[in-house]
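Before any comments, here is the structure.
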Amino acid sequence: MKLLHASLCLISLLLILPSIFAASSSEDFDFFYFVQQWPGSYCDTQRSCCFPTSGKPAADFGIHGLWPNYKDGTYPSNCDNTKPFDSSSISDLISSMQKSWPTLACPSGSGETFWEHEWEKHGTCSESVIDQHEYFQTALNLKQKTDLLGALTKAGINPDGKSYSIESIRDSIKESTGFTPWIQCNTDESGNSQLYQVYLCVDRSGSGLIECPVFPRGKCGDEINFPSF
Ligand code: 5GP
Ligand code: 5GP
């Protein structure tokens, strides 16, 4: 009888364990992608864009997001619906976010809808390491540390509508940041491939850049446009 009881207990434990493991690991992650977008390439597509209510953003890369990721290329999302976006907890960061994390989607908005989406989809999956204020602060710090436009223009790569080799774009960002970026392209209204987003990888604590454990999928042409904004 005792043996039966003990084996029943063991079986239930074995049944429960995987779900406990899945619940905790779904909120864990290996590294972040820090993704910045070129506004000119968001705006000249068929979808077009709308400037934020605070006005036309600077002609500079803007933050898209800080995305927890797994080393196998998959990623968690929407990890905690009990922690909604709370703009009052980041009131000291709002003016920097308007400058560095502008929204370009239509209709025009202040940016809150974009930041809320990024927090809920990605930020909530980093709660084991950083809270909401730290999440946005970390992204702002990374933006300051990685001057992508400066890196490109120093290498003679300017947002002038001309085309540049993807290799020269990658090399100039590597030269300046010390790490190999992943470049994502989109197409303008005429179908030309162009520089849309730059991915850099960041360690789990959000404090420093690392070499990417895995790159996303997708490919640009060898030569891509860098449109003006
Ligand atoms: P897209 O399909 O346009 O590249 O990505 C759509 C959205 O899916 C992104 O804005 C982002 O929220 C999410 N996403 C796409 N690829 C990745 C990825 O490799 N890692 C993470 N964490 N999110 C991604
Ligand atoms: P993701 O692709 O990160 O999952 O989703 C981006 C969401 O944020 C979309 O719903 C998109 O409409 C919205 N959004 C608002 N502003 C921007 C922007 O400037 N760039 C991008 N990529 N998405 C934005």
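One-based numbering, in listed order, for ligands and for the atoms of each. We use all heavy atoms of the structure for the numbers below, so side chains are in, but hydrogens, waters and symmetry mates are not. Residue numbers run from 1 in the order of the sequence given.
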Pick out which of Cys49, Pro227, Pro159, Ser193 makes a side chain to side chain contact (heavy atoms under 4.5 Å, CB included) with Ser41.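 The residue from Cys49, Pro227, Pro159, Ser193 that satisfies side chain to side chain contact (heavy atoms under 4.5 Å, CB included) with Ser41 turns out to be Pro227.
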
Under a heavy-atom criterion of less than 4.0 Å, does His122 contact ligand 1?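 Contact check His122 vs ligand 1: positive.
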
Would Gly218 count as a contact residue for ligand 1, given that I'm defining contact as a non-hydrogen atom of the residue lying under 4.0 Å from a ligand atom?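 Not so, Gly218 does not reach ligand 1.
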
Please write down residue, atom name and distance for the protein heavy atom closest to [atom].
atom	result
atom 3 (O) of ligand 1	Gln184 NE2, 4.7 Å
atom 14 (N) of ligand 1	Tyr75 OH, 3.3 Å
atom 19 (O) of ligand 1	Tyr33 CE1, 3.6 Å
atom 21 (C) of ligand 2	Tyr42 CE1, 3.4 Å
atom 20 (N) of ligand 1	Asn69 OD1, 2.6 Å

Mind checking whether Glu118 has a heavy atom under 4.0 Å from ligand 2?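 Yes, Glu118 has a heavy atom closer than 4.0 Å to ligand 2.
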
Looking only at distances, can you tell me whether any N or O atom of Pro68, backbone or side chain, sits closer than 3.5 Å to an N or O atom of ligand 1? yes

Considering only heavy atoms, does Tyr196 approach ligand 2 within less than 4.0 Å through its side chain, its backbone, both, or neither? side chain

Counting heavy atoms only, name the option from His64, His117, Lys121 that's nearest to atom 5 (O) of ligand 2. His117

Selected option - heavy-atom contact closest to atom 10 (O) of ligand 1, from Trp182, Trp67, Phe31: Trp67

Can any side-chain N or O of Ser126 pair as donor or acceptor with the backbone N or O of Gly123 at less than 3.5 Å? yes

Closer than 4.0 Å to some heavy atom of [X] - which atoms of ligand 2 meet that?
X	answer
Gln37	18 (C), 19 (O), 20 (N), 21 (C), 22 (N)
Pro102	19 (O)
Thr103	15 (C), 16 (N), 17 (C), 19 (O)

Does atom 8 (O) of ligand 1 have a protein non-hydrogen atom under 4.0 Å from it?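 Looking at atom 8 (O) of ligand 1, one finds that a protein heavy atom does lie closer than 4.0 Å.
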
Protein non-hydrogen atoms only, distance under 4.0 Å: does atom 1 (P) of ligand 1 have such a neighbour?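 No.
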
Do Asn186 and Gln194 have side-chain atoms, one donor and one acceptor, less than 3.5 Å apart?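 There is such a pair (donor and acceptor under 3.5 Å, judged by atom type) between the side chains of Asn186 and Gln194.
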
Tell me whether Leu104 has any N or O atom under 3.5 angstrom from an N or O of ligand 2.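 N/O-N/O distance under 3.5 Å: yes.
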
